Amino acid sequence: MPTSSNITKENVVAKIDTQKKNEKKVCDDNKDNNNASTVKVQTIDELHSLQKKKSAPTTPIGSFVNSSTFSEDELNHQQLQSISASLASLTRESGPKVVKGDPNKRLKALRIGHVSHHPITPTISVSDSALKLTHVLYNLSPAELYEQAIKYEKGSFITSTGALATLSGAKTGRSPRDKRVVKDHVTQTELWWGKGSPNIEMDEHSFMVNRERAVFVNDQFLNWDPENRIKVRIVSARAYHSLFMHNMCIRPTPEELENFGTPDFTIYNAGQFPCNRYTHYMTSSTSIDLNLARKEMVILGTQYAGEMKKGLFSVMHYLMPKRHILSLHSGCNMGKSGDVALFFGLSGTGKTTLSTDHNRYLIGDDEHCWSDKGVSNIEGGCYAKCIDLSKDKELDIWNAIKFGTVLENVVFDEHIREVDYADKSVTENTRAAYPIEYIPNAKLPCIGPHPKNVILLACDAFGVLPPVAGTEQGIKEPQATFSACFGAAFIMLHPTQYAAMLAEKMQKQGATGWLINTGWSGGSYGCGSRIKLAYTRKIIDAIHSGSLLNAKYKKSEIFGLEIPTEVEGVPSEILDPVNTVSCSRNLYLFDNSLIIGTLLCDTFTTFRALNLKEIPFNI
Ligand SMILES: Nc1ncnc2c1ncn2[C@@H]1O[C@H](COP(=O)(O)OP(=O)(O)OP(=O)(O)O)[C@@H](O)[C@H]1O
Ligand SMILES: O=C([O-])CC(=O)C(=O)O
Ligand SMILES: [Ca+2]
Ligand SMILES: [Mn+2]
């Protein structure tokens, strides 16, 4: 069985057209595309009422800390005052004083703060929270952040297993069409601009206007490879955001924190404040602005925490290729014998679910670097989709939802606080963010040797993410999407640059490529059903054991790709597209090109050159 072969420069760097019209979306990077990211309610009160389900006996009104503190009107009024105060004070001369450095001193300062003046109240101060602070809450612990969230952030509750349930507000997914990057003389030539690019330009002045807002500070690291570790500072106004990043980035030891020094990159997240529409380049009240020269990012108008995580991923997609390191939107795990597998796929295709495998060590679930030394996780935590999460099917993830974990936009029983994972009232995109060590067989440090198998996850045939049906657009079915490098929204350079590196690394290391459909079989969404997770796991087990490499294959009719005739524990009829229901040949063709395009710039040649196997690929 050949592993990889004759990849030429030409077929790797073929031109790409990401502007295809009329394509249906399968999995979706662009979480706002199908309204999946916007909650279908008109007011904050309606949003809050979705979060809790009534239970008997009904909890008496006023017994919750938050609901009795301020009325909705008062909160709205305060927020308006805050925004106008912040707009009026753009000329201020000094910023907040950061209490940082020696963690012991910090603790003392906080203790004093507790007695003499209340710790900062992020959402209810009269002025914009960034502007009149004298203290910044620096690298608080999860317990401290819980207290802050519960006291000051409406919609924060402790669930029956100890997780912190939060609401991200009107935006429950990323807003990729609001990601702006400052265009200067360097980025102008370096980055991918123009048609199809995720990078929308803005200038330095507009960036500085948006930067004028932000109380919690996290100093943390990205990338477990010690030689390529990046120091990041996250300045945010919500305890929920601080806890989220505490979980998602690599947590420094007290010694590392003491010697932290200057961060390599800083995020200012004031997501609860809209950006000013009169600022140049702003097309909506949401803006995620990246300034590579200043090494800063500003987030306004969205409180969806994934923006910070994926914002930093974009930064890594810029910094790492400069060091000849490939950054990948992939999960990663390692067998007992040291064999590493990458799970490369678009959002929602199963990276977190499948890399969390009780029989293997988890290296990471979403963002990795592949250098000359091997693989390393960029992050210190996992971000699992939890819609329909079940204890039987995903025990390790289920058990990770405990004290310290941030649970976003889930619905729970008002009294018992048991989460109903099937409830999509707030969004389909419910999420759990937990430190990687909450998975029992996590590999720490999160690094491994070169991958033996590169598994491309494709959610075939109309989708993994049925959109929350858009009332305006009337979208009822999942849509196919094209997304270069399985994550076009996060790449910074032209996709061919990443594709060329992947092809080269796979070839050099002799990694085998596999294509697995985690989507629909027996017909498209609506007429077939999604391939059972248990079958997908069997197929993956067969890859790891080596048995699939030695299996019998037959060539698929149209593209001549190899399909195994048998996989232990998997009904053979789901392996072959010929056996499945009617949806047309065109669709089959279409989805093949889609998936190939997703990875390697839409050229079938390259796909073949990588010798990918096609496992079950059904329409
Ligand atoms: N056959 C299958 N294989 C994988 N996942 C499946 C399958 N069937 C259903 N699912 C569900 O699909 C979802 C996959 O989500 P997951 O978090 O693993 O995606 P992801 O690739 O990590 O996406 P993201 O990058 O957005 O975090 C889970 O809710 C999982 O239970
Ligand atoms: O960033 C997010 O919103 C979640 C995620 O991992 C993805 O979409 O790929
Ligand atoms: Ca995930
Ligand atoms: Mn992801």
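All ligand and atom numbering here is 1-based and tracks the order in the structure. Being a predicted model, the structure only gives us computed values, none of them experimental.
- Atoms of ligand 1 found under 4.0 Å from any heavy atom of H329, numbered from 1 in the order shown, are 25 (O).
- Within the structure, ligand 1 lacks K393 among the residues with a heavy atom less than 4.0 angstrom away.
- In Y383, the part holding a heavy atom less than 4.0 Å from any atom of ligand 1 is the backbone.
- Checking C382, G173, S347 against atom 9 (O) of ligand 2, the nearest heavy atom belongs to S347.
- Of the heavy atoms in R431, only side-chain atoms (C-beta onward) come closer than 4.0 Å to ligand 1.
- Set against the non-hydrogen atoms of L346, the atoms of ligand 1 under 4.0 Å away are 21 (O).
- In this structure, H241 and N269 approach most closely via the heavy-atom pair ND1-ND2, 3.3 Å.
- Using 4.0 Å as the threshold, Y304 has a heavy atom nearer than that to some atom of ligand 2.
- Residue contact check: K532 has heavy atoms under 4.0 Å from atoms 1 (N) of ligand 1.
- Taking every heavy atom of T353 and a limit of under 4.0 angstrom, the matching atoms of ligand 1 come to 14 (C), 15 (O), 16 (P), 18 (O), 28 (C), 30 (C).
- Here the N, O or S atom of H329 that is nearest to the Mn ion (ligand 4) is NE2.
- The N, O or S atom of D366 with the smallest distance to the Mn ion (ligand 4) is OD1.
- The ligand atoms of ligand 1 that sit less than 4.0 angstrom from a heavy atom of I531 are 1 (N), 2 (C), 8 (N).
- G348 counts as a contact of ligand 1, since one of its heavy atoms falls under 4.0 Å from the ligand.
- Salt-bridge annotation for D339 and R360: present, with a side-chain N of the basic residue lying under 4.0 Å from a carboxylate O of the acidic one.
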